[in-house]
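In what follows, every chain begins at residue 1, and chains take the letters A, B, ... in the order their sequences are listed.
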Amino acid sequence: MIYIRLFLEFFKAGLFAIGGGLATIPFLQDISRKTGWFTSQELIDMIAISESTPGPIGINMATYVGYETANLAGAIIAVIGEVTPSVIIIVLIAHYYLKFSEHPMMQSGFYGIRPAVAGLIGAAGFEVAKISLFNIDKYLLSHDVFDIINIKSVLLFTTIVFLLNKYKKHPIYFLLGAAIIGIIFKF
Amino acid sequence: MGELWKLFATFCRIGAFTFGGGYAMLPLIQKEIVEKNQWATDEEVLDYYAIGQCTPGIIAVNTATFIGFKRKGIPGAIAATCGIVFPSIVIITIIAAYLKHFEDYAIVQHAFGGIRVAVAALILNTVIKMWNTSVKDWLGILIFSASFVAVAFFNISPIIVVVISATLGIFTANTRTDVR
C-alpha cells in the first residue's frame, strides 16, 4: 500500500538525515529513483518552492512530495513519517539532558558548545546577508565597485537593526513589514 | 489541556514565520519561548539547538520537540511538533493544489527579497544576544570565531564544530571556578 511505503521512506529520511532539512534531499532523490512517484525535475521545483515558503524546509519538502504522491493524506503521512524518529530520539535525549543537566561534565561541555552554536548561527546569518545585501554576480560582470553593495537592501537592513533595538517588537512585524517594502520597492 | 494547546499554538506561530532553515526560527524562539512564555532560558535554547543539529531529523522539529517535552512530557513533545509542522502542511498543500508556479510570480520574489533582508537583520540581533549569554571568557571568543570561520568559509560540518567545542569545554573545566 502506498501510504505504508510513503511512511517508511520518510521515516528513513528522518532517521538518517543529520543536520537539518537540506540533508534530506539525497533521500528524496533516492525515493524518486526507486519508486518513480515523481521525477528529479519535479523534485527540483518542489525544493525551490519549499525554500520560498514559510515553515521548516524539510517539512515543506516532505509535505510537497507526499501531496504529489498521494494527495492530502499522503502529505500528512509523509510528515508524520519524517518527524517520528525525531520525536523518539529527542524525547530520549531530553529525558537524560534534564536529568543530568547539573552534572559538572555536562555543564562544562555545554559551556564550550554555546559559543560554538552562536558562531554557527552567525555563519548562517552571514550566508543570508551575502545573498541579500551584496551583488557579487553583478559586480563580476560589470567590475563597477558601486555594484557590489545592494544599496536598497543595506538601507532596509540598517533600518530594521535600528528599529529592533529601539522598539523590541515581535519579529513577525519586521518580517511582514520587509515583505511589503520588498513588494513596493521591487527587491 | 490548556498548556498543550498553548504549546501547539505557539509553535504554529513560529512555524508560520520561519523563512529558511532551522536558524531562521531562532529570533522567533527567543521572543515566544524565552521572553513571552519563559519556557526556557537563552542558554537552554542554545543547548537544544546544538542537540538538534547533531541528532537525526529536522533541526526546527528537534528543537520544538525538546521544548515541548520539557514543559509537558511526551504529550507536550507531540503538541509542539504538530504545531511546528501544521502551517507547512496547510500552505504547501494549497500551493501544490492551486499555485504550482508560486515562486515564479514577481510579487512573491520581491516579497522574499525583502524578507531575506529582515531574516539577516533578525539573525544578527539574535547572534548578539547569544554572544552576551554564551561568550564569557577568551575560550568563548576563540570558539565563537573559530566556529564562524569554519562553517562560513571552510564548509566544515557543524557536528564536528559542536564535538570539538564540547571537548574544549570539558578539558578546560578545571581552569574555571564558576561554570555557569
Side-chain angles (χ1 to χ4, degrees), chain A residues 14-15 18 20-21 48-49 52-60 63-64 67 75 79 83 85-87 89-91 94 107-126 128-129 132 153 156-157 160-161 164 170-172 174-175 178-179 181-183 186-187, chain B residues 15-17 21-23 27-28 31 46-47 49-50 55-62 65-66 69 77 81 85 87-89 91-92 96 103 110-123 125 127 130-131 134-135 140 143-144 147-148 151-152 158 161 165-166 168-170 173 179:
Chain A
L15 182 60
I18 300 179
I49 290 180
S52 48
T53 38
I57 295 171
I59 296 301
N60 290 351
T63 309
Y64 210 135
Y67 184 89
V79 170
V83 303
S86 285
V87 173
I89 293 167
I90 293 293
V91 161
Q107 289 204 2
S108 40
F110 278 102
Y111 185 88
I113 287 176
R114 286 181 201 130
V117 174
L120 293 180
I121 308 298
F126 178 71
V128 183
S132 57
S153 299
L156 178 61
F157 181 83
I160 295 174
V161 171
L164 259 173
H170 201 292
I172 292 175
F174 294 101
L175 292 164
I181 289 175
I183 293 169
K186 299 201 183 317
F187 268 62
Chain B
F17 287 92
Y23 60 86
L28 294 148
K31 191 75 185 177
L46 284 171
D47 295 359
Y49 191 83
T55 44
I58 289 146
I59 299 169
V61 172
N62 293 352
T65 306
F66 211 123
F69 180 78
T81 303
V85 304
S88 289
I89 294 179
I91 294 167
I92 295 290
E103 90 275 28
H110 293 320
F112 271 91
I115 287 171
R116 267 196 296 273
V117 175
V119 169
L122 287 165
I123 290 174
N125 202 50
V127 171
M130 287 176 160
W131 170 283
S134 68
V135 177
I143 293 180
F144 176 92
S147 133
F148 178 85
V151 177
V161 171
S165 52
L168 282 173
I170 291 168
V179 173

At their closest point, which heavy atom of [X] faces which heavy atom of [Y], and how far apart are they?
| X | Y | answer |
| --- | --- | --- |
| A:Ile160 | B:Ala121 | CG2-CB, 3.6 Å |
| A:Ala116 | B:Val161 | CB-CG1, 4.0 Å |
| A:Ala118 | B:Ser134 | CB-OG, 4.1 Å |
| A:Phe126 | B:Ala152 | CD2-CB, 3.9 Å |
| A:Ser86 | B:Gly57 | OG-CA, 3.5 Å |
| B:Ala96 | A:Tyr64 | CB-CE2, 3.7 Å |

Query raised in the report: Using a cut-off of under 4.5 Å for heavy-atom pairs, which of A:Val79, A:Val91, A:Val161 has the most such pairs with chain B?
Result: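 Looking at each option in turn, the highest pair count goes to A:Val91.
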Query raised in the report: Between A:Ala129, A:Ala94, A:Gly125, which residue shows the highest count of heavy-atom pairs closer than 4.5 Å to chain B?
Result: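 Highest number of pairs under 4.5 Å: A:Ala94.
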[Y] side chain reached by [X] side chain, heavy atoms, under 4.5 Å:
| X | Y | answer |
| --- | --- | --- |
| B:Ser88 | A:Pro56 | yes |
| A:His170 | B:Leu28 | yes |
| A:Val83 | B:Ile58 | no |
| A:Ile121 | B:Ile123 | yes |
| A:Phe187 | B:Val117 | yes |

Query raised in the report: If you count heavy-atom pairs under 4.5 Å between each of B:Val151, B:Leu46, B:Ile92 and chain A, which one has the most?
Result: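 The candidate making the most pairs under 4.5 Å is B:Ile92.
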Kindly compute the distance separating [atom1] ([X]) from [atom2] ([Y]), expressed to the nearest 0.5 Å.
| X | Y | atom1 | atom2 | answer |
| --- | --- | --- | --- | --- |
| A:Ile57 | B:Ile59 | CD1 | CD1 | 10.5 Å |
| A:Ile113 | B:Leu168 | CD1 | CG | 10.5 Å |
| B:Asp47 | A:Tyr111 | CG | OH | 13.5 Å |
| B:Ile89 | A:Thr63 | CD1 | OG1 | 5.0 Å |

Side chain, backbone, both or neither of [X] within contact of chain A (heavy atoms, under 4.5 Å):
| X | result |
| --- | --- |
| B:Phe17 | both |
| B:Thr81 | side chain |
| B:Pro158 | both |
| B:Asn125 | side chain |
| B:Leu122 | both |
| B:Ala16 | backbone |
| B:Phe66 | both |

**Report entry** Whether B:Thr65 side chain and A:Val87 backbone form a donor-acceptor pair below 3.5 Å
**Finding:**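 Looks like no, no N/O pair under 3.5 Å.
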Query raised in the report: Relative to chain B, which segment of A:Tyr67 carries a heavy atom at a distance below 4.5 Å: side chain, backbone, both, or neither?
Result: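 For A:Tyr67, the side chain is the part near chain B, not the backbone.
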Requested in this report: Give the C-alpha distance, both sets of side-chain angles, the deciding distance and a yes or no for side-chain contact (heavy atoms from CB on, under 4.5 Å) between B:Val119 and A:Leu175.
Outcome: CA-CA 7 Å; B:Val119 169; A:Leu175 292 164; 3.9 Å; yes
